[in-house]
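Before any comments, here is the structure.
On a predicted model such as this, the values are computed, not experimentally measured, just so you know.
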Amino acid sequence: MAEQLAVTVSELASNAIRHGGGRGLLTIEPVPGGVRVEVRDWGPGLAHGIPTKPPKQLAYGGRGLWIVSKLFPELVLDSSPSGVTANLFLARTDRPGTEG
């Protein structure tokens, strides 16, 4: 699950920088039962929300949110003309015999 989280954070942070005026705010914090990830930007917001279909094969861009939504279907986006906030929760999945 660490690989999926790394891809997700990378995609959300890239979107915040690319579409959010060149900056964003990433918060990763432990919460009961797992980890909460939030990425916020101050761009113009999303016109269409989370894509439900993959972009065309030769399309430039447009894959980030689609990929994230497939890795974490519980992704929540709050979009307005003053920016986008993406939130997701990664449940803790301890393996037997490990601590953490």
Side-chain angles (χ1 to χ4, degrees):
M1 192 54 89
E3 294 86 7
Q4 289 92 335
L5 182 60
V7 168
T8 296
V9 168
S10 175
E11 290 296 337
L12 293 175
S14 294
N15 279 353
I17 292 167
R18 184 175 302 120
H19 304 291
R23 65 188 180 107
L25 178 65
L26 168 64
T27 304
I28 302 174
E29 67 178 342
V31 294
V35 175
R36 184 182 72 85
V37 176
E38 179 181 279
V39 179
R40 173 175 286 172
D41 71 42
W42 292 270
L46 294 169
H48 304 291
I50 300 172
T52 57
K53 297 184 208 175
K56 295 186 188 233
Q57 188 172 0
L58 298 177
Y60 175 76
R63 289 173 180 77
L65 284 178
W66 183 78
I67 290 169
V68 171
S69 72
K70 297 304 161 204
L71 293 172
F72 292 95
E74 66 280 0
L75 172 69
V76 175
L77 290 182
D78 180 20
S79 178
S80 74
S82 60
V84 175
T85 301
N87 277 287
L88 63 91
F89 173 76
L90 175 63
R92 186 174 179 165
T93 56
D94 290 337
R95 292 186 193 134
T98 63
E99 293 183 37

Item checked: Shortest non-hydrogen contact from L25 toward W42 -> CB-CH2, 3.8 Å
Check: Shortest non-hydrogen contact from V39 to A16?
Finding: CG1-CB, 3.9 Å
Notebook entry, point to check: Considering only heavy atoms from C-beta outward, does the side chain of T8 approach that of V37 to under 4.5 Å?
Noted result: no
Next item on the list: List for me each residue that meets side-chain hydrogen bond (donor to acceptor under 3.5 Å, both in side chains) alongside T85, sequence neighbours excluded, and say none if there are none.
Entry: R40
Notebook entry, point to check: Measuring from I67:CD1 to E11:CD, what's the distance to the nearest 0.5 Å?
Noted result: 5.0 Å
Item checked: Heavy-atom closest pair, residues G49 and L65 -> O-CD1, 4.5 Å
Checklist line | CD-CZ distance between E74 and F89, expressed to the nearest 0.5 angstrom | finding: 9.0 Å
Checklist line | Nearest atoms (heavy-atom pairs only) where G45 meets V84 | finding: CA-CG2, 3.7 Å
Checklist line | ILVMFWY network linking L46 to V76, side-chain heavy atoms under 4.5 angstrom | finding: no
Next item on the list: Indicate yes or no for a side-chain donor-acceptor contact from S10 to the backbone of A6 under 3.5 Å, with no hydrogens or angles considered.
Entry: no
Check: Would you say I28 and V7 are hydrophobically clustered, going by side-chain heavy atoms of ILVMFWY under 4.5 Å?
Finding: yes
Item checked: Residue pair N87 / R36, side-chain heavy-atom distance below 4.5 Å -> yes
Next item on the list: Measure the spacing between CG of N15 and CD1 of I17 and express it to the nearest 0.5 Å.
Entry: 9.5 Å
Next item on the list: Decide yes or no for L12 and L88: does some side-chain heavy atom of the first lie under 4.5 Å from some side-chain heavy atom of the second?
Entry: yes
